[in-house]
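A short worksheet on the structure shown next.
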Amino acid sequence: FFFLESHPPRSNMSHRKFEAPRHGSLGFLPKKRTKKHQGKIRSFPKDQDASAAPHLTAFRGFKAGMTHVVRGVDRPGALMHKREVVDAVSIVETPPMVVVGVVGYVETPRGLRTLTTVFAEHLSEEFKRRCYKNWFASKKKAYTRYAKKYSTDGGKDIEHELQRIGKFCSVVRVIAHTQVKKLNLRIKKAHIMEIQINGGADCKAKVDFAKSLFEKEITVDSVFAKDEQVDVMGVTKGHGYEGVTTRWGVTRLPRKTHRGLRKVACIGSWHPARVSTTVPRAGQNGYFHRTELNKKVYRIGKKGDGASCQTEADLTEKSITPMGGFVRYGEINEDWVMLKGAIVGVKKRPLILRKSLQNHSSRKHLETIDLKFIDTSSKLGHGRFQTFEEKAKFLGPLASKQK
């Protein structure tokens, strides 16, 4: 009797010295410019805790720039415990958003389906501008007929729709918009988005919470807190049409290669007589929609707080705007959020901050951040001074100021 052992099939490949894993991920194909220019939330955190109070799960902000901070590490057992580290941080300006509506979804075998939408009575011009291609030439009549529902029959129609959402829906989201007039971005159309309401005993509690926010401002500190992990969604910086070495990270060919060396040497076999989709090719690089997970909130600053960057170790009264302003952005005059590390996009780009989808347990994610120093020196060159007072004190009386 012969017992056949199962051996893996032998490869016909000759011996090779090195591995060659593929260059670049295929998970992000197609690499083309996004249509979601302001970011899009593709999934909200799961609504599992009915005992929690109803709360919003996302917010929109605008990228201002970066700086660095010095902080103490509080991680017992780690090599850096009780020592100081320097972290790069990103600053996102987050003016208050305004809630203008509520929408209810029912669950179907094919996913969520919108049941009905209810809008507030008074809508701002910023919101209405987004409804028009050409606001100047329009009659500006958007939602004027809808607003009459609040005055006819004591608003019975509106109440009926809200009751329908509370009775039949399983997911409730508010419709909110940014207040771009508070920023110096030279845009007049608001960015409109849906924000899911999680928590609450039942759907009726969510609807009541949403209705209580109608026409009111919501601030970023009512959604997020210090030391929380958030996800950032936005569109990356565009680089246009680029070659394979930059776009996919393939290895350059030897120096003497004929007809260029920043290429893929072989783009496939003779047969099949087609170029496979997995072969790196030149094309669009950047301006892709991306979601970055787990960005820690280091600090949340309030509008008008001249000492928002004061710490226990650095008692200088200063706000977050560096000397000379953030490069390509300017001054920050509204609420702001400080996030650890870099975030997607160029300056002024609208971003979405979302509550994390994960339940965090690692000490790194649960660590309490103790900031010792926040840098506010000029970002236009080698910043030497933290404030204008410090600069004036160092330079002394200037001839140009004596006239």
Side-chain angles (χ1 to χ4, degrees), residues 45-46 48-49 51-53 55-59 61 63-94 198-199 219-234 291-303 305-322 326 332 334-344 351-377 379 383 385-387 390:
K46 281 202 171 70
Q48 292 166 327
D49 189 5
S51 61
H55 58 274
L56 300 175
T57 52
F59 205 83
K63 181 173 176 176
M66 292 187 73
T67 184
H68 68 264
V69 298
V70 178
R71 69 178 180 92
V73 178
D74 180 26
R75 219 180 294 164
L79 184 67
M80 295 303 292
H81 182 53
K82 298 285 187 193
R83 294 164 79 176
E84 290 183 348
V85 293
V86 177
D87 277 343
V89 291
S90 297
I91 310 299
V92 181
E93 191 167 11
T94 50
N198 282 1
T219 54
V220 70
D221 58 353
S222 66
V223 180
F224 301 114
K226 181 181 172 290
D227 300 328
E228 191 176 343
Q229 298 285 341
V230 300
D231 301 339
V232 179
M233 272 149 271
T291 302
E292 281 194 288
L293 305 182
N294 302 336
K295 298 286 184 185
K296 199 173 186 78
V297 177
Y298 273 13
R299 182 167 282 199
I300 295 177
K302 296 298 289 178
K303 175 185 178 179
D305 183 3
S308 58
C309 287
Q310 204 175 39
T311 63
E312 286 183 9
D314 177 25
L315 297 174
T316 312
E317 283 199 10
K318 55 184 183 178
S319 62
I320 190 63
T321 306
F326 279 105
I332 287 186
E334 296 292 324
D335 298 351
W336 52 270
V337 177
M338 181 189 287
L339 301 176
K340 181 182 178 180
I343 51 178
V344 298
L351 303 169
I352 293 175
L353 311 179
R354 178 191 66 190
K355 282 187 179 287
S356 179
L357 300 183
Q358 303 165 352
N359 292 323
H360 298 282
S361 57
S362 75
R363 288 192 306 167
K364 182 181 170 186
H365 288 165
L366 300 176
E367 183 183 347
T368 303
I369 298 300
D370 172 31
L371 294 182
K372 302 283 181 72
F373 168 76
I374 300 170
D375 182 62
T376 56
S377 63
K379 304 299 169 200
F385 307 105
Q386 294 296 318
T387 60
E390 184 188 334

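- Considering Lys340, Arg71, Lys296, Lys226 in turn, Arg71 is the only one that fulfils the salt bridge (charged side-chain N to carboxylate O under 4.0 Å, His left out) rule with Glu367.
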- [ ] Give the intermediate values and the outcome of side chain to side chain contact (heavy atoms under 4.5 Å, CB included) for residues Thr219 and Lys302.
- [x] CA-CA 9 Å; Thr219 54; Lys302 296 298 289 178; 4.2 Å; yes

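- To the nearest 0.5 angstrom, Leu357 atom CG is 9.5 Å from Thr57 atom OG1.
- Residues Arg299 and Leu371 share a closest heavy-atom pair of NE-CD1, 3.9 Å.
- Rounding to the nearest 0.5 angstrom, the gap separating the CG atom in Asp221 from the CZ atom in Phe59 is 8.5 Å.
- Note that OG of Ser319 is 8.5 Å distant from CD1 of Ile332, once rounded to the nearest 0.5 Å.
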- [ ] Report the C-alpha distance between Phe373 and Asp375 in whole Å, list the side-chain angles of each, state the deciding distance to 0.1 Å, and finish with yes or no for side chain to side chain contact (heavy atoms under 4.5 Å, CB included).
- [x] CA-CA 7 Å; Phe373 168 76; Asp375 182 62; 3.9 Å; yes

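- For the atom pair CD of Glu93 and NZ of Lys63, the computed distance is 14.5 Å after rounding to the nearest 0.5 Å.
- For the pair Ile343 and Val92, the minimum side-chain heavy-atom distance is below 4.5 Å.
- Val69 and Met338 get closest at one heavy-atom pair: CG1-SD, 3.8 Å.
- Side-chain contact between Ser356 and Leu293: absent, with no pair of heavy atoms (C-beta onward) separated by less than 4.5 Å.
- Within the 3.5 Å criterion, the main-chain N or O of Phe385 finds no donor-acceptor partner in the side chain of Glu390.
- Listed for the His55 side chain is a donor-acceptor partner under 3.5 Å among the backbone atoms of Ala53.
- For the 3.5 Å distance criterion, the side chains of Gln386 and Lys318 qualify, holding a donor opposite an acceptor.
- Salt bridge annotation for Arg354-Asp231: present, with a cationic side-chain nitrogen under 4.0 angstrom from a carboxylate oxygen.
- In terms of heavy atoms, Val232 sits closest to Leu353 at CG2-CD2, 3.8 Å.
- Here the CG atom belonging to Asp87 is positioned 12.0 Å from the CD1 atom belonging to Ile374, to the nearest 0.5 angstrom.
- With sequence neighbours left out, Asp49 forms a side-chain contact (heavy atoms from CB on, under 4.5 Å) with Ser51, Ala52.
- A donor atom on one side chain and an acceptor atom on the other are found under 3.5 Å apart for Lys379 and Thr67.
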Please list, one pair per line, the donor and acceptor atoms closer than 3.5 Å that link side chains of residues 77-85 to other protein atoms, with sequence neighbours excluded.
unit_1	atom_1	unit_2	atom_2	d
His81	ND1	Arg75	N	3.0
Arg83	NH1	Leu79	O	3.4
Glu84	OE2	Lys372	NZ	3.3

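- Put simply, the side chain of Leu339 does not reach to within 4.5 Å of the side chain of Tyr298, judged on heavy atoms.
- Taking each heavy atom of Met66 and Ser90 in turn, the nearest pair found is CG-OG, 3.7 Å.
- Here the side chains of His68 and Val89 are not in contact, with every heavy-atom distance at 4.5 Å or above.
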- [ ] Report the C-alpha separation of Thr376 and Thr321 in whole Å, then their side-chain angles, then the decisive distance to 0.1 Å, and conclude whether the side chain to side chain contact (heavy atoms under 4.5 Å, CB included) test is met.
- [x] CA-CA 7 Å; Thr376 56; Thr321 306; over 6 Å; no

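- In terms of heavy-atom proximity, Phe224 sits nearest to Ile300 at O-CD1, 3.6 Å.
- In this structure, the side chains of Gln229 and Val297 stay at 4.5 Å or more apart for every pair of heavy atoms.
- At least one side-chain heavy atom of Asn294 sits less than 4.5 Å from a side-chain heavy atom of His360.
- Minimum heavy-atom separation, Ser308 to Trp336: OG-CZ2, 3.6 Å.
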